[in-house]
Amino acid sequence: MMNTATTGLAAGMALGFAGYFGGFWAFLLVLVLGTAGLIAGLAAQGDLDFRGRRQR
């Protein structure tokens, strides 16, 4: 299992490669899809609870 620093390093490197080789739009696409994957992963793991936001 990777710790937070290693995960951040991997994400930063992925964004750096996307920005360097693909330009701004590739960087933005990797950033958006990475954020969506993070949210989905946290929800599947149970660390993110959407039920509290629905109830008003």
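Residue numbers start at 1 and run along the sequence shown.
Residues Y20 and M13 fall within the same hydrophobic cluster, defined by Ile, Leu, Val, Met, Phe, Trp and Tyr side chains chained together at heavy-atom separations under 4.5 Å. With hydrophobic clusters built from ILVMFWY side chains whose heavy atoms lie under 4.5 angstrom apart, F17 does not share a cluster with L29.
Of all heavy-atom pairs spanning L31 and L15, the tightest one is N-CD2, 3.6 Å. Closest heavy-atom contact between A18 and A26: O-CB, 3.6 Å.
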